[in-house]
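Okay, so here's the structure we're looking at.
One-based numbering, in listed order, for ligands and for the atoms of each. All values below come from the heavy atoms of this structure, side chains included, with hydrogens, waters and symmetry mates left out.
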Amino acid sequence: MDDCIFCQIVAGDIPSRTVYEDDDVLAFLDANPLAPGHTLVIPKDHHESLNDLPADLGSAVFAAMHELTPEVEAAVDAPASTVAFNNGEEAGQEVPHVHAHIVPRFADDGGRPIHALVSDRPDLSDDELDDIAATIRD
Ligand code: 5GP
Ligand code: ZN
């Protein structure tokens, strides 16, 4: 994907502060960090969202995230982190090349938890919850 920023980083056409690399995965510091150590973990191949990502690459990305998260926290002396994907445009994904964010978190950093993603939670009945669970299972 010639016009994809992250593919250009993988190709070495745009510089990045790389912190991890293997055959399938690259991780580098976010250029506009939410916290010191804010790291992005990407598959080297271009796939737009998690939904498009082949299972083996999903495993490779997760393995790298799993290995990197404690290292990123330790590097900036963070006691915690938020690890997340903006999966699709409506979820806030701006770069259409799947990437995990590892955002170090600190006491009183003013950040919010995943529970603060939406301001109006849906009021779902037990039946509606049962239906949704059944649909996902099917
Ligand atoms: P998204 O909103 O798509 O989940 O996040 C995209 C992230 O990529 C943002 O946090 C943004 O700061 C970061 N980003 C965008 N362009 C570049 C770039 O050229 N280099 C690096 N290192 N990060 C970038
Ligand atoms: Zn790409």
Side-chain angles (χ1 to χ4, degrees):
M1 285 286 286
D2 290 346
D3 57 351
C4 172
I5 294 170
F6 289 175
C7 283
Q8 291 173 58
I9 287 176
V10 170
D13 296 338
I14 294 179
S16 71
R17 292 185 174 84
T18 300
V19 299
Y20 175 88
E21 181 170 13
D22 63 30
D23 287 348
D24 299 318
V25 177
L26 187 71
F28 49 89
L29 295 188
D30 194 295
N32 188 20
L34 295 171
H38 183 170
T39 296
L40 302 174
V41 185
I42 70 168
K44 286 183 173 176
D45 285 354
H46 184 86
H47 298 280
E48 216 166 297
S49 75
L50 274 180
N51 311 37
D52 309 314
L53 194 63
D56 58 335
L57 280 186
S59 298
V61 168
F62 191 90
M65 278 164 50
H66 182 252
E67 192 176 334
L68 277 168
T69 297
E71 301 295 343
V72 168
E73 289 182 8
V76 296
D77 215 10
S81 52
T82 297
V83 182
F85 293 80
N86 290 323
N87 195 42
E89 201 177 331
E90 293 77 2
Q93 184 177 357
E94 291 177 357
V95 178
H97 180 133
V98 63
H99 52 280
H101 293 258
I102 303 173
V103 184
R105 298 295 305 271
F106 302 87
D108 305 321
D109 64 8
R112 312 280 303 275
I114 295 266
H115 307 89
L117 276 179
V118 295
S119 47
D120 293 322
R121 294 186 188 216
D123 186 17
L124 297 167
S125 68
D126 284 347
D127 282 349
E128 287 170 314
L129 291 168
D130 288 344
D131 281 352
I132 292 166
T135 303
I136 295 170
R137 276 196 300 274
D138 290 349

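- The two residues G37 and L29 come nearest to each other via the heavy atoms O-CD2, 4.1 Å.
- If you look at ligand 1, the protein residues with a non-hydrogen atom under 4.0 Å away are I5, F6, I9, F28, L29, D30, A31, N32, L40, N86, G92, Q93, E94, V95, H99, H101.
- With ring centers used as reference points, H101 lies under 6.0 Å from H99.
- Y20 and V72 end up in the same hydrophobic cluster when Ile, Leu, Val, Met, Phe, Trp and Tyr side chains are linked at under 4.5 Å.
- Side chains of K44 and F6 form no contact here, defined as non-hydrogen atoms less than 4.5 Å apart.
- Within the 4.5 Å cutoff, side-chain heavy atoms of V76 are placed close to those of P104.
- Using a 4.5 Å heavy-atom cutoff, the side chains of V10 and I42 are in contact.
- Excluding waters, the count of protein N/O/S atoms less than 2.8 Å from the Zn ion (ligand 2) comes to 4.
- Within the 4.5 Å cutoff, no side-chain heavy atoms of F28 are placed close to those of V19.
- Side-chain contact between D24 and P43: absent, with no pair of heavy atoms (C-beta onward) separated by less than 4.5 Å.
- No donor-acceptor distance shorter than 3.5 angstrom exists from the side chain of S59 to the backbone of L57, with no hydrogens or angles considered.
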